Amino acid sequence: MFTKEMVHTALQTWCDNVVKVGKVHSEGGDAQAFSLQVLSESYDYDNGHVLFKPTLTFGQQTFRPTKEGALSYFVGGNSEFPNDNGFKLKPWVKVWYSKEDFILHGDLAIVQCNVHFIGEDDSHIFVNKSFVFKLCEDNKVRIILHQSSLPYQP
């Protein structure tokens, strides 16, 4: 059974991983290898199906149902996804969630929240997120749905 504490741990882990990818990159490490590890540990691409709609995608590449597509959004450099610049490479120095709300349903947590990103250059991005976290058979929590959008600006 999913718990409130598991929701908060999963959200915090997601935020921490965004910062870690940028840090690995800025320190000259292998951001692609680290991102692949994050995708295996935190997303269910290796065991099932993931619905992923990143913030800054459009057209035929809006949705990323494959690990390859998600990796390209994270770190760029894939000619199959020419518009990806590597969102997680910024680097982001602080990422946090707020105004979360969720529904617990057996081995699933359906979550909505706001996420704030602060860049090394002091830039700030604020996005709306929806996640579905699943407690998998190996007792690890993984994302099976990740939808992200910029707030509506009338």
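As a basis for the values below, the full set of heavy atoms in this structure was taken, side chains included, without hydrogen atoms, waters or symmetry mates. What you see is a predicted model, and the numbers here were worked out from it, not measured in a lab.
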Could you tell me whether the side chain of [Y] reaches within less than 4.5 Å of the side chain of [X], counting heavy atoms only?
{"X": "V21", "Y": "L89", "value": "yes"}
{"X": "V19", "Y": "V93", "value": "no"}
{"X": "Y97", "Y": "C15", "value": "yes"}
{"X": "V7", "Y": "L104", "value": "yes"}

ILVMFWY cluster, [X] and [Y] together (side-chain gap under 4.5 Å):
{"X": "Y45", "Y": "F63", "answer": "no"}
{"X": "I118", "Y": "V18", "answer": "no"}
{"X": "L39", "Y": "L145", "answer": "no"}

**Q.** With sequence neighbours excluded, residues passing side-chain hydrogen bond (donor to acceptor under 3.5 Å, both in side chains) with T57
**A.**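 Expected list: none.
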Q | N83: partners by side-chain hydrogen bond (donor to acceptor under 3.5 Å, both in side chains), with sequence neighbours left out | A |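 N83 satisfies side-chain hydrogen bond (donor to acceptor under 3.5 Å, both in side chains) with no residue once adjacent residues are dropped.
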Q.
I'd like to know if the side chain of S40 reaches the main chain of Q37, judged simply by a donor and an acceptor atom lying under 3.5 Å from each other, with no hydrogens or angles considered.
A.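 No, S40 side chain to Q37 backbone: no donor-acceptor pair under 3.5 Å.
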**Q.** Under 3.5 Å donor-acceptor, S26 side chain and G22 backbone
**A.**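 Yes, S26 side chain to G22 backbone: donor-acceptor pair under 3.5 Å.
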How close do [X] and [Y] get, counting heavy atoms only, and between which atoms?
{"X": "V127", "Y": "K129", "answer": "CG2-CE, 3.7 Å"}
{"X": "T62", "Y": "P54", "answer": "O-CD, 3.4 Å"}
{"X": "A33", "Y": "D30", "answer": "N-OD1, 3.0 Å"}

Salt bridge (charged side-chain N to carboxylate O under 4.0 Å, His left out): which pairs involve [range], sequence neighbours left out?
{"range": "residues 114-127", "answer": "K90-D121"}
{"range": "residues 32-55", "answer": "D46-K67"}
{"range": "residues 131-147", "answer": "D138-R142"}
{"range": "residues 104-113", "answer": "none"}

How far does [atom1] of [X] sit from [atom2] of [Y], to the nearest 0.5 angstrom?
{"X": "L11", "Y": "S98", "atom1": "CG", "atom2": "OG", "value": "10.5 Å"}
{"X": "F52", "Y": "I144", "atom1": "CZ", "atom2": "CD1", "value": "14.5 Å"}
{"X": "I125", "Y": "T55", "atom1": "CD1", "atom2": "OG1", "value": "8.0 Å"}
{"X": "K4", "Y": "T9", "atom1": "NZ", "atom2": "OG1", "value": "12.0 Å"}
{"X": "F102", "Y": "L108", "atom1": "CZ", "atom2": "CG", "value": "14.0 Å"}
{"X": "N17", "Y": "K23", "atom1": "CG", "atom2": "NZ", "value": "13.0 Å"}

If the condition is ring-ring contact (aromatic ring centres under 6.0 Å, His included), which residues does [X] pass it with, not counting sequence neighbours?
{"X": "F131", "value": "W14, F133, H146"}
{"X": "F87", "value": "Y73, W92, F117"}
{"X": "H116", "value": "W96, H124, F126"}

What donor-acceptor contacts under 3.5 angstrom involve side-chain atoms of residues 74-82, with partners at least two apart or in another chain?
| residue | atom | partner | partner atom | Å |
| --- | --- | --- | --- | --- |
| N78 | OD1 | E80 | N | 2.8 |

Q. With sequence neighbours excluded, what pairs up with D101 under the salt bridge (Lys or Arg N to Asp or Glu O under 4.0 Å) test?
A.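 Checked D101 against salt bridge (Lys or Arg N to Asp or Glu O under 4.0 Å); zero matches.
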Quick check: are there more than 12 heavy atoms from other residues, nucleotides or ligands sitting under 6.0 Å from [atom1] of [X]?
{"X": "Q12", "atom1": "CD", "result": "yes"}
{"X": "H8", "atom1": "NE2", "result": "yes"}
{"X": "N85", "atom1": "CG", "result": "no"}

Q | Worked check of side-chain contact (heavy atoms from CB on, under 4.5 Å) between V132 and V111 | A | CA-CA 6 Å; V132 175; V111 182; over 6 Å; no
Q) How far apart are the C-alpha atoms of D84 and R64, what are their side-chain angles, what is the distance that settles it, and do they pass the salt bridge (charged side-chain N to carboxylate O under 4.0 Å, His left out) test? A) CA-CA 12 Å; D84 289 349; R64 303 300 173 93; 2.8 Å; yes
Q | Side-chain hydrophobic cluster, 4.5 Å single linkage: members besides F58 | A |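 Traced through the cluster, F58 reaches no other member.
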